[in-house]
There are 2 protein chains.
Amino acid sequence: MNAVRPTLEKVAARAGVSRATVSRVVNGSPQVKPEIREVVMRAVEELGYVPNLAARSLVTQRADSIALVFPEPPARVFSDDPMFASIIRGVSQEMDLADKQLVLMLSGSPRGQERVERYTTSRHVDGVILASLHGADPLPAALARRGVPVVCGGRPIAGGGPPSVDMENVGGAEQAVRHLVASGRRRIATIAGPQDMIAGIDRLTGYRNVLRDSDRRSIVAVGDFTRDSGATAMRQLLRDDPALDAVFAASDMMALGALQVLRQSGRRVPDDVAVVGFDDVPAAAYAEPPLTTVRHPIHDMGRELARLVLSLASGEDVDTPVILPTELIVRESA
Amino acid sequence: MNAVRPTLEKVAARAGVSRATVSRVVNGSPQVKPEIREVVMRAVEELGYVPNLAARSLVTQRADSIALVFPEPPARVFSDDPMFASIIRGVSQEMDLADKQLVLMLSGSPRGQERVERYTTSRHVDGVILASLHGADPLPAALARRGVPVVCGGRPIAGGGPPSVDMENVGGAEQAVRHLVASGRRRIATIAGPQDMIAGIDRLTGYRNVLRDSDRRSIVAVGDFTRDSGATAMRQLLRDDPALDAVFAASDMMALGALQVLRQSGRRVPDDVAVVGFDDVPAAAYAEPPLTTVRHPIHDMGRELARLVLSLASGEDVDTPVILPTELIVRESA
DNA sequence: CGAACGGCAGAGAGCGCTCTCACACAGCAT
DNA sequence: ATGCTGTGTGAGAGCGCTCTCTGCCGTTCG
């Protein structure tokens, strides 16, 4: 019907005021007399005026949008692992509240990485959330150099680095393994996560801490948080120590994979082998048997990340790393 | 280090040419002498120049970004259902190829809906992908009025409406139910999806078609595609007809819920009751027993949606609805 | 009664870019 | 020499908005 968008100018003409006044009304400045505001509002309404954000951000130097970057290959980000989705949801919720837009970027490929860098450094976003950090990602440094606010999920491995939100990975893993120890398990293995990610490293550390203190030998296989890698790792563990009586998997998806291998190998869970996961994904509760796991507030992590980056973007200082608590959920698998 | 971004002007000064020439080089116009191009490129490099996209889109009237809108409540979009994630991945992949940005919007709440409308109509995006359509969403009309290209996943219920990509929902359901009939099942129930979504409607239609043709009575319960709703529906069906010997669930998540209820009620699958799902989510293959299901190319749907909206945005016409094929994956549950 | 003030509106200068147009200059035909 | 092309470059006008600055008015105070 009306494909041409009216400009401020048009609205001003219609309302019989100046552009500046319309701008004031649109942006809710208190410096406008109520009756004039009224007239302008009506004109806005009648013309269906919507501000041109490009023009606005050109002058304000703000974009009112935030990039959420997943540095994983897309296949990984959105397999059946609901972690990523939870983060998105958390971030998105907070963005809604702040009336900011969420620009989603997957930077799995090298090409993608370059694009992300170009885009995020071009002041087209007010800040960047890095959902997770692998080893030495060059992005944080590039952004810092440009003065673009960055926060990241999972504290940086090296220390220093950008502000971050993390969770009690060490503590959570300790809780899980302590639970296994307390129930009398002697040969407790672990399926660790990728060792270039802080969550992978920390959960393994937690496992080691408890084993060391309780005088048990550690039995380790490494996965990449996916179900298949969990299954593979479980087979490996069974080969390494057929008599193991417990497994702590650093992610629920890996635990689910392990459960299946255990079943195939004729072990009963938890009678022969106890299994504890990490994440408390929805599927954990539906597993056979229902999976004992460590719950962490991944959704809150998304929200917290969003809040932080928004604070940074508006020039405030933030106190990080923020560490979110975890909680052991005891079900039937251990 | 260098928080102020250099402008075209600065680059021009450094290279000793005019703004226009730098612009030409940056945008790859052939109208520039190689040696001058060289000089300009070096200046760009040295200053770390990155074009200001806001300024560019102000004049070009393009935003180089596309909105992907999920009209569901966030909790729904990203529960443990990986469908949404697959769409995102597909869309994202195509956007990468086209060098466009993906702006993700969840419009579950009424407030969100309004925000989405404001944002998408403000020419801040070149087009909009509506991931799914519920009954009478006002957004397509609003966008059409503004001349903003829209495509949607799942053809509109009412007919007409925006261009869309859909899949063989009727045909897929028919295949599934025919499989049940062929294996001699007599009392075939269905757990239908929400009847305000085309996927829900069509899959039920497919079920009805086959039952009608094979002289069986239909037994229907309705869910909302989620696992819990599947479980609830299954209990209901068992009450309605304790002797049923097959269930066609309109989504794998519902089938998974049904599987669990069946197990709890002491039925063996597939011996007592055969179960077929729809979607072929990763978890289907890992279910106990592995779920027979209808696979559809949800990822391709994302890609197709992206391609369509990009075509529309560049003024081309498109031929829709595009219908993607489905395929019956026979595993052990039926 | 004039000066000072405070609340409100308008004028106008950009934000950083693209794009049209004009123009300079080379090469060739007239 | 004059005119014509055609190629390559620069000048300059905006795109639609915000925001500072200026100036108007009505009020209050010395």
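Each chain gets a letter, A, B and so on, in the order its sequence line appears, and its residues count up from 1.
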>> Check the phosphate of C/dG16 against A/Gln61, side-chain N and O only, distance under 4.0 Å to OP1 or OP2. Yes or no?
In response: yes
> Counting only N and O atoms by type, is there a donor-acceptor contact under 3.5 Å from the side chain of B/Ser23 to the main-chain atoms of B/Arg19?
Replying inline: no
> Counting N and O atoms only, with roles assigned by atom type, does the side chain of B/Asn27 sit under 3.5 Å from a partner on the main chain of B/Ser29, one being a donor and the other an acceptor?
Replying inline: no
>> Closest approach to the side chain of B/Val59, judged atom by atom: which nucleotide of C/dG14, C/dA11, C/dT18 is it?
In response: C/dT18
> Whole-Å distance between C/dC17 P and B/Arg62 CZ?
Replying inline: 15 Å
> For A/Gln31 and D/dT18, what is the distance between atoms CD and P respectively, to the nearest whole Å?
Replying inline: 16 Å
> In whole angstroms, how far is the P atom of D/dC17 from the NE2 atom of B/His124?
Replying inline: 12 Å
> From C/dA9, D/dT18, C/dC8, pick the nucleotide closest to the side chain of A/Arg24?
Replying inline: C/dA9
> Do side-chain atoms of B/Asp166 reach the backbone of B/Ile323 as a donor and acceptor pair under 3.5 angstrom?
Replying inline: no
>> Output the rounded distance in Å from CG (B/Leu53) to C1' (C/dG16).
In response: 11 Å
> Over how many whole Å does the gap from A/Leu47 atom CG to D/dG16 atom C1' extend?
Replying inline: 15 Å
>> Please confirm whether the shortest side-chain N or O distance from A/Thr7 to OP1 or OP2 of D/dG16 is below 4.0 Å.
In response: no
> Between A/Gln101 and B/His124, does any side-chain donor sit less than 3.5 Å from a side-chain acceptor?
Replying inline: no
> Could you state the CG-P distance from B/Leu8 to D/dG10, rounded to the nearest angstrom?
Replying inline: 13 Å
>> Nearest to the B/Asn27 side chain among C/dT18, D/dG10, D/dT18, which nucleotide is it?
In response: C/dT18
>> If the cut-off is 4.0 Å, is B/Ser23 near the phosphate of C/dT18, judged by side-chain N/O to OP1 or OP2?
In response: yes
> B/Lys33 NZ to D/dG10 P: how many Å, rounded?
Replying inline: 11 Å
> Given C/dG12, C/dC19, C/dG16, which nucleotide is nearest the side-chain atoms of A/Arg19?
Replying inline: C/dG12
> Considering only side-chain heavy atoms of B/Arg56, which listed nucleotide, C/dC17, D/dG8, C/dG16, is closest?
Replying inline: C/dC17
> Picking from C/dC17, C/dG10, D/dA11, which would you name as closest to the side chain of A/Ala20?
Replying inline: C/dG10
> With respect to the phosphate group of D/dG10, does any side-chain polar atom (N or O) of B/Thr21 fall under 4.0 Å of OP1 or OP2?
Replying inline: yes
> In whole angstrom, what separates A/Glu9's CD from C/dG10's P?
Replying inline: 12 Å
> What is the nucleic acid contact for A/Ile36, judged by heavy atoms within less than 4.0 Å: base, sugar-phosphate only, or nothing?
Replying inline: sugar-phosphate
> Where the side chain of B/Leu58 is concerned, which of C/dC17, D/dG10, C/dG16 is the nearest nucleotide?
Replying inline: C/dG16
> Counting distance only, does the side-chain N/O of B/Thr121 pair as donor-acceptor with the main-chain N or O of B/Glu117 below 3.5 Å?
Replying inline: yes
